[in-house]
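I have placed the structure first, in the form of C-alpha cells, so that the comments after it can refer back to it.
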Amino acid sequence: MSDLAARALAALDRDRLTADLSRLVQVPSQTGDERAAIECLAELCAGHGLACAVHEHDLAALRAHPDYPGEEAERIELVALEASLPGGDG
C-alpha cells in the first residue's frame with residue numbers, strides 16, 4: 001500500500017462514515033427517481049466541507065443527441081451532484 005493510501009485510510013472517521021452511509025441507504029431511490037438520494041448525498045458532502053451543487057440535466061436535449069445510448073429505466077428527470085473541495089479545481 002502506498003504512503004498516500006495509508007494516510008488516507010488512517011484519516012477516515014469510521015463512525016461518521018458508517019452514520020453517513022446508513023443515512024444515505026435509508027433514502028428511497030431507484031433508477032429514474034434518484035433526486036432524494038442525490039439531495040441527501042449533497043447534504044452529507046456539505047457537512048464534510050465540500051462545495052456542492054445539484055444539477056438537473058436537460059433530458060429532452062440528451063435524448064435528442066444522436067449518440068444518446070438510451071435509458072435503463074423510464075425517467076422524468078436526470079439529476080446529478082457536483083461536489084468539490086473548496087479552493088480546488090475540481
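The backbone N or O of Leu59 sits nowhere less than 3.5 Å from a side-chain atom of His57 that would complete a donor-acceptor pair.
Taking the salt bridge (charged side-chain N to carboxylate O under 4.0 Å, His left out) definition, one finds that Glu77 meets it with Arg35, sequence neighbours left out.
In the hydrophobic clustering (ILVMFWY side chains linked at under 4.5 Å, chained through shared members), Leu9 is joined by Met1, Leu12.
Heavy atoms from other residues, nucleotides or ligands lying under 6.0 Å from CD of Glu72 number more than 12.
A chain of hydrophobic side-chain contacts below 4.5 Å, direct or via other Ile, Leu, Val, Met, Phe, Trp or Tyr residues, connects Val79 to Leu44. In the hydrophobic cluster analysis, where Ile, Leu, Val, Met, Phe, Trp and Tyr join through side-chain heavy atoms closer than 4.5 angstrom, Leu78 is grouped together with Tyr68. Cluster annotation: Leu24 is connected to Ile38 through the hydrophobic network of ILVMFWY side chains, with a link wherever side-chain heavy atoms come within less than 4.5 Å.
Closest non-hydrogen pair, Ala37 versus Ser29, comes out as CB-CB, 3.8 Å. Heavy atoms only, all atoms of each residue included: Leu81 and Cys52 are closest at CD1-CB, 4.1 Å.
Sorted by first and then second residue, the pairs that involve residues 4-19 and meet salt bridge (charged side-chain N to carboxylate O under 4.0 Å, His left out), not counting sequence neighbours, are Asp3-Arg7.
Taking CG from Asp20 and CG from Leu41, the interatomic distance works out to 9.0 Å, rounded to the nearest 0.5 Å.
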